[in-house]
Structure formats: C-alpha cells, structure tokens
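Contents: one structure, followed by commentary.
As the structure is a prediction and not an experimental result, all values here were calculated from the model. As a basis for the values below, the full set of heavy atoms in this structure was taken, side chains included, without hydrogen atoms, waters or symmetry mates.
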Amino acid sequence: SYNTSSTITWSSTNATSCTVTPNNWTGTSGSQSTGNLTANVAYTANCTGPGGTGSNSVTVTVNPANAPSVDIKANGSDGPISITYNTSTPISWTSTNTTSCSVTKNGSAFSSGTSNAGISSGNLISNTTFAISCTGPGGSASDSVEVRALTASLTASPNSGTAPLNGVSLTTQVSGTSVGTFRYFLDCTNDGTNERDSSDIASNPYTASSLCNYPTAGTYTAKVTVWH
C-alpha cells in the first residue's frame, strides 16, 4: 500500500561480498526494511566471489494513494442552513487522506487545517458560502456549505392616520431562505412586549391583521423577531 514498508531479504552462495542497491546494504545475506514507500522501487543485489559476479533484482510495486475526501458543515448540517441576521454559527470540517486544506468565506481566506471541530462563522448579514479545498497524495477534494442570513421587512397598514389609530395590521416578510417554518414575534411599540406570537407556521409573508392600537398622537416603531 501507499506510504507503507516492505522487507527485502537476500542470500547468496559462493559469494564473498554483496551490495543491495539503491540503499547500498551490504552482506552476503540479510534482511532490511524498505521504509515507507510512495513509488515503485527496484532493488538489486550485486555479489562477487572467487567464481565471478552475480546479480538478482526484485521490484516493490506501490499501489496508488487513496483518494482524499472532505466534508464541511454549518452547525452540524450539510446545509444550506438559515440563521438570524447578524448572528453566527459554527463551521466544522473533517477530511481523510489529506495533507492540507484551506477554507474560504465567500471566496476570501477564512481558515486552514485538515479538520476542525468548530470555528465561528462570524456574524453574518448576507448569504455566505464556506468552501473547503484539500490536497493529499491521492489528489484533491472539495466541498462547500451555504449559510443564509435571515432578514425581515415589516410594514404597517395603515401606516398613518388620526389618533386614536386602531386596528393596524403588520406584515412581515423574511428573505434569505425559501423553505421551512417560521415563528414571528410582533411588538407594536417596541417596548419588549409582543402582541403576537405566531407559533411555528410556514407562512411567508405573514400578516397579523388588526393587531395594533395607537390611542394617542405620536410616532411609533413596531418590531418583528423571527425564529427559523
């Protein structure tokens, strides 16, 4: 097998000296380890004696190196995965039969090493692809995973009027992903109290009809938090 060793043995008759090339081992008989081999090697024993010279050869054939493989994950998944806007997720990878690996983040250098149990992606504000390329004696391998940063828009209808302004509907739409379920938390005045928890639903966009009441004149800011 590639990068393993074998044993070379030799014996002779009517010889006074022998040399085994290419390692230049000597002795009329002997046994030696080849050391780990990565290519075919021919060994030749050349012996001399009173009656002249003699030689014999043997070739150690080395099988090709095993092909490398690599797997990169985001939060333990082959992806694509979705995370909340401006948050992070762990990026991990494993490889076999590799000697070096490099990881990029949207094409820019991110990390290196043949394995990593988990490194932070850094806070993400847009869809990001993490790609890994590895090399080894048997060739090269690559893999990638996409992390989608969720963003949510929020609109009010009506968005203005005379106080008291009651029965205002809030509509939110999530971008950065196309599948899965969502949980929407809607806060009419951004005071930390959610007037609506949608529970897990597949709707996107989602409208909370006639949710908010604004009894007095002023400017109000509504807030949406989305779990995915």
Side-chain angles (χ1 to χ4, degrees), residues 71-94 102-113 115-132 143-228:
D71 183 27
I72 190 169
K73 297 181 182 293
N75 199 29
S77 170
D78 289 327
I81 68 163
S82 298
I83 63 172
T84 302
Y85 180 88
N86 203 30
T87 61
S88 64
T89 191
I91 305 297
S92 60
W93 62 92
T94 57
S102 60
V103 182
T104 60
K105 177 180 178 180
N106 276 351
S108 298
F110 176 69
S111 188
S112 61
S115 66
N116 196 303
I119 183 174
S120 174
S121 65
N123 285 13
L124 303 179
I125 59 174
S126 61
N127 295 351
T128 303
T129 298
F130 294 85
I132 185 168
D143 192 26
S144 64
V145 64
E146 182 185 12
V147 181
R148 298 171 175 172
L150 296 183
T151 58
S153 61
L154 183 63
T155 57
S157 179
N159 60 12
S160 64
T162 303
L165 184 63
N166 298 324
V168 175
S169 299
L170 296 181
T171 297
T172 181
Q173 183 165 7
V174 177
S175 61
T177 187
S178 57
V179 295
T181 59
F182 305 88
R183 187 173 179 179
Y184 302 93
F185 300 89
L186 293 164
D187 181 348
C188 291
T189 57
N190 195 20
D191 63 357
T193 300
N194 294 315
E195 280 73 26
R196 176 68 55 85
D197 175 354
S198 71
S199 298
D200 289 334
I201 57 176
S203 300
N204 182 33
Y206 169 72
T207 297
S209 300
S210 302
L211 178 67
C212 302
N213 298 319
Y214 301 102
T216 59
T219 299
Y220 297 89
T221 300
K223 178 183 178 182
V224 61
T225 301
V226 184
W227 290 357
H228 179 54

Report summary line: Paired with Lys105, the side-chain contact (heavy atoms from CB on, under 4.5 Å) test is passed by just one of Leu124, Thr129, Val147, Ile91, namely Leu124

Query - Any donor-acceptor N/O pair, Asn213 side chain to Gly167 backbone, under 3.5 Å - result: yes

Query raised in the report: Backbone N or O of Asn106 within a donor-acceptor pair of the Thr104 side chain at under 3.5 Å?
Result: no

Query raised in the report: Do the non-hydrogen side-chain atoms of Tyr184 and Asn194 ever get within less than 4.5 Å of each other?
Result: no

Query raised in the report: How many angstroms lie between OG1 in Thr189 and CD in Glu195, if you round to the nearest 0.5 Å?
Result: 5.5 Å

Query raised in the report: Are the side chain of Asp71 and the backbone of Thr94 linked by a donor-acceptor contact shorter than 3.5 Å?
Result: no

Query - Main-chain N/O of Arg196 paired with Ser198 side-chain donor or acceptor, under 3.5 Å - result: no

**Report entry** Close side-chain approach of Leu186 and Leu154, heavy atoms under 4.5 Å
**Finding:** yes

Query raised in the report: Just checking, is any N or O donor in the side chain of Thr151 or Ser175 under 3.5 Å from an acceptor N or O on the other one?
Result: yes

Query raised in the report: What is the minimum heavy-atom distance between Ala163 and Ala217, and which atoms define it?
Result: CB-N, 3.5 Å

Query raised in the report: Distance-only, no hydrogens or angles: does the Asp187 side chain make a donor-acceptor pair with backbone N or O of Lys223 under 3.5 Å?
Result: no

Query - Ile119 vs Phe110 side-chain heavy atoms within contact, under 4.5 Å - result: yes

Query raised in the report: Can you tell me how far the CG atom of Leu150 sits from the CD1 atom of Ile81, to the nearest 0.5 Å?
Result: 10.0 Å

Query raised in the report: If we only count heavy atoms from C-beta on, is the Lys73 to Asp78 side-chain gap below 4.5 Å?
Result: yes

Report summary line: What one should report as the nearest heavy-atom pair of Asn86 and Asn123 is O-ND2, 3.0 Å

**Report entry** Heavy-atom check, side chain of Asn75 versus side chain of Pro90, under 4.5 Å
**Finding:** yes

Report task. Determine, step by step, whether Leu211 and Cys188 satisfy the side-chain contact (heavy atoms from CB on, under 4.5 Å) criterion, reporting the C-alpha distance in whole Å, the side-chain angles of both residues, the deciding distance to 0.1 Å, and the verdict. Result -> CA-CA 8 Å; Leu211 178 67; Cys188 291; 3.9 Å; yes

Requested in this report: Could you check Trp227 against Asp200 for side-chain contact (heavy atoms from CB on, under 4.5 Å), going step by step and ending with a plain yes or no?
Outcome: CA-CA 9 Å; Trp227 290 357; Asp200 289 334; 5.9 Å; no

Query raised in the report: What do you reckon, is CD1 of Ile201 surrounded by more than 12 foreign heavy atoms closer than 6.0 Å?
Result: yes

Query raised in the report: So, for Ala152 and Val226, which heavy atoms are closest and what is the spacing to 0.1 Å?
Result: CB-CG2, 4.0 Å

Query raised in the report: With ring centroids as reference points, do Tyr206 and Phe182 lie under 6.0 angstrom apart?
Result: no

Query raised in the report: Is Leu170 close to Val224 at the side-chain level, that is, under 4.5 Å between some pair of heavy atoms?
Result: no

Query - Pairwise side-chain contact, Leu165 with Pro158, heavy-atom cut-off 4.5 Å (strictly under) - result: yes

Report summary line: Checking Ser203, Ser210, Ser209 against Thr207 for side-chain contact (heavy atoms from CB on, under 4.5 Å), the one that qualifies is Ser209

**Report entry** Under 3.5 Å donor-acceptor, Asp143 side chain and Ile72 backbone
**Finding:** yes

Requested in this report: Decide side-chain contact (heavy atoms from CB on, under 4.5 Å) for Ser92 and Asn116; before the verdict, give the C-alpha distance in whole Å, the side-chain angles of both, and the deciding distance to 0.1 Å.
Outcome: CA-CA 5 Å; Ser92 60; Asn116 196 303; 5.6 Å; no

Query raised in the report: Can you find a heavy atom in the side chain of Trp93 that is under 4.5 Å from one in the side chain of Ser111?
Result: yes

